[in-house]
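Here the structure comes first, spelled out in structure tokens, and everything after it is commentary.
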Amino acid sequence: MHANATTIEITEPKRFTFGAVVAVNAYGLLLVAPLFISILVVSLIKFGLLTVLIPFLVVAATAYVLPFGLGNAHIARLVRSITPAATKNGEGFIVQLTLWPRLRSGLRAILEDADDIGYLSFNEEELLFQGDSVKLSIPLDRITQVYPHNVGLRGRFVYGRRIKVVVSGSPQLESFEVAERSSLLLPKSRAITKRLFARLSPKTRQEAP
């Protein structure tokens, strides 16, 4: 194998299993409950300013804590149990990884758009991902494009964007997407995403808008 080549190792999931995916999705109920309660409250009071204000405030509050509602607390615990380095305050990032072509399929891929979760770090020459079932090493000069990609409906169009990374010279991997999964609040998520994008961008030869 060429020394300057992308390497990827895939094994069976140990912690980020289907059960873990279900547990992560269960956090979403914590966001749905306040909205449901607000609808009940509005239906019981006389129409007026409060009938508009209450749902608006609830939606705003749930958007603020959306990263928590997407199960980031659970994801972060899993990653820290997989990779001890993730417990340190270094330059690495707790992220989800989505490969293209996709690694997962079926119901699991519908419930969870991440193929794996893990710790993303860098050295002078490589991008390294240590995950539950994926180990990935990409020479930085093999990264041809880095650009933001909105999460869309899954993130209610307000959650921090993913980062798409296009790779050259690998028959196994065309591109991949990463999204931070350590934050609990929306402003923190956006700040981490910005820092991750800035960390990736100087290492690329070309960026797409």
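Computed from a predicted model, the values in this text were never measured in an experiment.
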Would you indicate whether the side-chain heavy atoms of T98 and F176 approach each other to under 4.5 Å?
no

Can you name the salt bridge (charged side-chain N to carboxylate O under 4.0 Å, His left out) partners of D132, sequence neighbours left out?
none

Nearest heavy-atom pair of P171 and G169: which atoms, and what distance?
CD-O, 3.9 Å

Can S133 and R104 be counted as having a side-chain donor-acceptor contact under 3.5 angstrom?
yes

Answer yes or no on whether R199 is positioned over the face of F122, meaning its NZ or CZ is under 6.0 Å from the six-membered ring centre and within 45° of the axis.
yes

According to side-chain hydrogen bond (donor to acceptor under 3.5 Å, both in side chains), who are the partners of R80, at least two apart in sequence or on a separate chain?
none

Are F18 and E112 close enough that some pair of their side-chain heavy atoms sits under 4.5 Å apart?
no

Are any of the side-chain heavy atoms of Y27 and N72 separated by less than 4.5 Å?
no

Test item: I117 and I94 side chains (from C-beta on) under 4.5 Å apart, heavy atoms
no

On a heavy-atom basis, which atom in G71 and which in R181 lie closest, and how many Å separate them?
C-NH2, 4.2 Å

Would you name the heavy atoms of E124 and L140 that are closest together and state the gap between them?
O-CD1, 3.8 Å

Exercise: identify the closest heavy-atom pair between A76 and S182:
CB-CA, 4.5 Å

I'd like to know if the side chain of T17 and the backbone of K14 have a donor-acceptor N/O pair within less than 3.5 Å.
no

Heavy-atom pair with the smallest gap, counting every atom of E180 and I192:
CB-CG2, 3.7 Å

Partner set under side-chain hydrogen bond (donor to acceptor under 3.5 Å, both in side chains) for S170, not counting sequence neighbours:
none

Heavy atoms, side chains only, cut-off 4.5 Å: are Y119 and L128 in contact?
no

Are K188 and P67 packed together at the side-chain level, in the sense that at least one heavy-atom pair is separated by less than 4.5 angstrom?
no

Go through T7 and I138 one step at a time and tell me if the side-chain contact (heavy atoms from CB on, under 4.5 Å) criterion holds.
CA-CA 7 Å; T7 61; I138 302 176; over 6 Å; no

Within the distance-only criterion (no hydrogens, no angle test), does the side chain of D116 pair as donor or acceptor with the backbone N or O of L97 below 3.5 angstrom?
no

Side chains of L186 and V65, heavy atoms from C-beta outward: is any pair under 4.5 Å?
no

